[in-house]
A.B. asks: 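Dumping the structure here so I can ask a few things about it.
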Number of protein chains: 2
Amino acid sequence: MTEVLVVDDEPSMLRALHLNLTARGYQVITAEDGTSALNKFGLHEPAVVVLDLGLPDIDGLDVIRAIRTGSQVPILVLSARVGSNDKVAALDLGADDYVTKPFDMNELLARLRAATRRGSPGAGRRKVVAFADVTVDLDSKQVLHAGEPVHLTRTEWHLLELLLHNPEKLITSRQLLIALRGQPDHTDPSYLRIYMAQLRKKLEPDPARPKHLLTEPGMGYRFQP
Amino acid sequence: MTEVLVVDDEPSMLRALHLNLTARGYQVITAEDGTSALNKFGLHEPAVVVLDLGLPDIDGLDVIRAIRTGSQVPILVLSARVGSNDKVAALDLGADDYVTKPFDMNELLARLRAATRRGSPGAGRRKVVAFADVTVDLDSKQVLHAGEPVHLTRTEWHLLELLLHNPEKLITSRQLLIALRGQPDHTDPSYLRIYMAQLRKKLEPDPARPKHLLTEPGMGYRFQP
DNA sequence: GGGTGCCGTGAGGAAGTCGTGAAAAGCGCG
DNA sequence: CGCGCTTTTCACGACTTCCTCACGGCACCC
């Protein structure tokens, strides 16, 4: 759980950021002026700071200076000032990034990820899906069944990946065929069944009665975690 | 003296950046396409990369991927694309910053300083990887096998480095080829196999039955410590 | 009950991939 | 210019994977 300190004097902006950040799993601490920002920074030691420059009490640049005297925490500056002088000043004082308002929320979140990623290099992203006694590491492409590594062929992996990326969603045979072979039509309808059987044989405890790699008759397939 | 690799296909932009960067005391290496960019990156190991996304040969995002599989060097992306999708993609692939053209040169320089500032503190640590009776010093580029120093050619070393930087992770042949040669060259699929064979011959106790430099048929290769 | 789809499974040949030896093409250097 | 080292290409068995076909089972409908 990553703690992020958000400093902005506009309540609406604060709310919007709070909403989006908590939705992404961040733990959000808010402050509306420089004084409380520095206080809360000292108390919580957040992993990253999002800082608006236009604060009522202290100049935002001074806030950066104050934080940087005692910490290397990533600072992402948010500002309505578009002039390059402000940007240069903020960045040279130790800010890690500078985003001008109005901004795209997705971009801000991406920049936030980039900033935090640098702070904790060991905690790289790792997408792991687990169900029953199977563990699938989508990043390193490794599959463990009952603790033993399982070898999947390219097509088997491709198919499993598609299913795992859309848990509980039904994927039509047509979609799967397009993804696997690029040909939507005129293919042997048993093609998919062979690979589903392979996957079930390798991953399901009882391949005859699958509980996670499900068939939707007449429609397609579905992965149930 | 900080080395910076500047990649852009427009000669005028390249000139402008070269001028401003050398004036600030940087040592500038330039490249006009993805292939030579990756080549020069491997040769010079710059302290920071300025990368335009719109390259003639390879997609800029693939260049980021290739660099990131083997290095944590700061990457500052330069692009004419203003959509947030491109920004998010580039940043999540490992880029450190994203600047849209046209840009203010002073701001770019400030962002460059911010990016290099972060990169420097971690540069001192010594990374050594050991497995079986092999010891690899990633800093001094020395390899010891059963206590005896082993000589690796540039390509062999590059390949080993890529694998060792991503332990247990599967790296696709495509990724490796882009990193080694700059192109996902499909003309000669045996290229990689020769170098894997060389590495195994030099490092594996039993080259015929590799236990650390593993092949994932149809997918790529994996380093198992 | 028989017909009709659709699904699961086994088998086997075609096609592709891997590892290896060997040889041509570059490349740096004296 | 020749020499050694490296990179790159080619060729060939051994092996794996892909894909098609054929057959049996189950559910549903007429």
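Computed from heavy atoms alone, side chains included, the values below leave out hydrogens, waters and symmetry copies. Each chain gets a letter, A, B and so on, in the order the sequences are listed, and its residues count up from 1. Treat the numbers as computed from the prediction; the structure is a model and nothing was measured.
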A.B. asks: Round to the nearest Å and state the distance from B:L43 atom CG to D:dT6 atom C1'.
C.D. replies: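 Rounded to the whole Å, the gap is 14 Å.
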
A.B. asks: Take the protein atom CG of A:L199 and the nucleotide atom P of D:dC18, then report the distance between them rounded to whole Å.
C.D. replies: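 Between P of D:dC18 and CG of A:L199: 11 Å.
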
A.B. asks: With a 4.0 Å cutoff (strictly under), does any side-chain N or O of A:Y195 reach OP1 or OP2 of D:dC18?
C.D. replies: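 Answer is yes, contact under 4.0 Å.
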
A.B. asks: Verify, without hydrogens or angle tests, whether B:R222 (side chain) and A:K141 (backbone) share a donor-acceptor contact under 3.5 angstrom.
C.D. replies: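 Indeed, once roles are kept as given, a pair shorter than 3.5 Å links the two residues.
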
A.B. asks: Starting from P on D:dT17, measure out to CD on A:Q198 and report it in whole angstrom.
C.D. replies: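 Taking CD of A:Q198 and P of D:dT17, I get 10 Å after rounding.
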
A.B. asks: Do we see a donor-acceptor contact under 3.5 Å between the side chains of B:D57 and B:T35?
C.D. replies: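 The answer is yes; a qualifying pair exists.
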
A.B. asks: What integer distance in Å separates A:R209:CZ from C:dC7:C1'?
C.D. replies: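 The distance from CZ of A:R209 to C1' of C:dC7 comes to 15 Å, rounded to the nearest Å.
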
A.B. asks: Assess, by modelled atom type and distance only, whether the side chains of B:S79 and B:Y98 contain a donor and an acceptor separated by less than 3.5 Å.
C.D. replies: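 A donor-acceptor contact under 3.5 Å links the two side chains.
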
A.B. asks: Would you say B:R200 and B:T215 are linked by a side-chain donor-acceptor pair, where the criterion is simply a distance under 3.5 Å?
C.D. replies: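 Side chains of B:T215 and B:R200: pair found under 3.5 Å.
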
A.B. asks: Figure out the CG/C1' separation between A:L152 and D:dT17, and round it to whole Å.
C.D. replies: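 Atom-to-atom, A:L152 to D:dT17, this comes out as 13 Å.
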
A.B. asks: Between D:dT6 atom P and B:H158 atom NE2, what is the distance in whole Å?
C.D. replies: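 Rounded to the whole Å, the gap is 17 Å.
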
A.B. asks: Whether A:H151 contacts D:dT17 is assessed here as follows: a side-chain N or O lying under 4.0 Å from the phosphate OP1 or OP2. Is that the case?
C.D. replies: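 True: A:H151 side-chain N/O within range (under 4.0 Å) of D:dT17 OP1/OP2.
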
A.B. asks: Counting only heavy atoms not in A:K169, do more than 12 fall under 6.0 Å of its NZ?
C.D. replies: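 Not more than 12 within 6.0 Å, no.
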
A.B. asks: Using a cut-off of 4.0 Å between protein heavy atoms and nucleotide atoms, how would you tag nucleotides 16-22 of chain C 5' to 3' with B, S and -?
C.D. replies: -SBBBS-

A.B. asks: Could B:D139 and B:K127 be called an ion pair, given the rule that one side-chain N must be under 4.0 Å from one carboxylate O?
C.D. replies: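 A salt bridge is absent here (no side-chain N lies under 4.0 Å from a carboxylate O).
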
A.B. asks: Send over the distance from B:L192 CG to D:dT7 C1', rounded to a whole Å.
C.D. replies: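 So the two atoms are 13 Å apart, to the nearest Å.
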
A.B. asks: Looking at D:dT7, I'd like to know if its phosphate oxygens (OP1 or OP2) sit under 4.0 Å from a side-chain N or O belonging to B:T153.
C.D. replies: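 Yes, such a contact exists.
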
A.B. asks: In whole Å, what is the span from the OH atom of B:Y191 to the P atom of C:dG26?
C.D. replies: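 Checked: the OH to P distance equals 15 Å.
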
A.B. asks: With distance as the sole test, does B:T22 use its side chain to make a donor-acceptor pair with the main-chain N or O of B:L19 at under 3.5 Å?
C.D. replies: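 Yes.
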
